[in-house]
Amino acid sequence: MNYWLMKSEPNTYSINDLKQEQKTVWDGVRNYQARNYLRQMQEGDLAFFYHSNAKPPGIVGMMKVIKTLVNDPTQFESSSAYYDPNSTEENPRWQTVIVEFVSVFEEIISLETLKENLTGDDLLVVKKGSRLSVIPVKNEVAEKILKMTK
DNA sequence: GCCAACGTTGGC
DNA sequence: GCCAACGTTGGC
C-alpha cells in the first residue's frame, strides 16, 4: 500500500465536498508528471487531501483509491475547461483514479506545520515553488504526518 | 493583488 | 533542439 498527496483548491472541490459525495473521479489533472503518478496508483492506496490556495493551505483529510486507470471524462467534453481536443476515445491521453472519502482531520495540518516537521526531500509540497498536484509520499513520511493529527 | 517558480508553446 | 514568451500555480 502506498501513500500519496493530492491537491485541490477548496473553492473548486474541498474535503467537505468529498465527504458529501463519498467518492469522486479525480478529474482535471493536465500535467504529465502528475498523470504518471495517477497511473501508478493501486486500489487501496491512501491519499492525503491537500487544500491549496486556501487559508491556511494544508492537509485536511484522507481518501482511499478505489478504482485505477479511469479515463478522465472531462477530456472529451468540449464544454469542459479540461477538454483536450487532441485526446481520442481510441487513444485517451488522461487517466485518473476514483477516490473514496476516509476522514476529515479534526484540525488542518497547515503548510506551516508541515514545514516545521519535514524537509522538501520528505515531502515535495514543502518545497518552494512546487506545483505538482499529485505527489508520492514515502511510508515513513506518511507516518510522521499521521502523528501530527489529533 | 503580487510575483516567483514552473510548465508549455511555438518560432527558428 | 533551443529558448523566449507566455500562461498557470499557489504562497504570501
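Residue numbers start from 1 in every chain, and the chains themselves are labelled A, B, ... in the order their sequence lines are given, proteins ahead of strands.
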A:Asn53 CG to B:dG1 P, straight-line distance once rounded to whole Å:
13 Å
Integer-rounded Å distance: C:dT9 P and A:Gln33 CD:
15 Å
Are A:Lys7 and C:dG10 close enough that a side-chain N or O sits under 4.0 Å from OP1 or OP2?
yes
OP1, OP2 of B:dC6 versus side-chain N and O of A:Tyr32: anything below 4.0 Å?
no
What is the distance, rounded to the nearest whole Å, between atom CD1 of A:Ile108 and atom C1' of C:dG11?
13 Å
Give A:Lys55 one of three labels, base, sugar-phosphate or nothing, depending on what nucleic acid heavy atoms sit under 4.0 Å from its own.
nothing
A:Arg131 CZ to C:dG10 C1': how many Å, rounded?
8 Å
In whole angstrom, give the distance that lies between atom CG of A:Asn31 and atom C1' of C:dT8.
11 Å
Does any non-hydrogen side-chain atom of A:Met6 lie less than 4.5 Å from one of A:Tyr37?
no
How long is the line joining CG of A:Asp84 and C1' of B:dT8, in whole Å?
13 Å
Ignoring backbone atoms, establish whether A:Lys128 has a side-chain N or O less than 4.0 Å from OP1 or OP2 of B:dC3.
no
Could you tell me if the side chain of A:Trp26 sits less than 4.5 Å from the side chain of A:Met41, heavy atoms only?
no
A:His51 atom NE2 is separated from C:dG11 atom P, nearest whole Å, by 12 Å
Atom CG of A:Leu114 to atom P of C:dC12: distance rounded to whole Å?
11 Å
Quick check: A:Tyr32 with A:Trp94 (ring centres under 6.0 Å apart)?
yes
Do A:Lys7 and A:Leu5 make a side-chain contact, defined as non-hydrogen atoms from C-beta onward lying under 4.5 Å apart?
yes
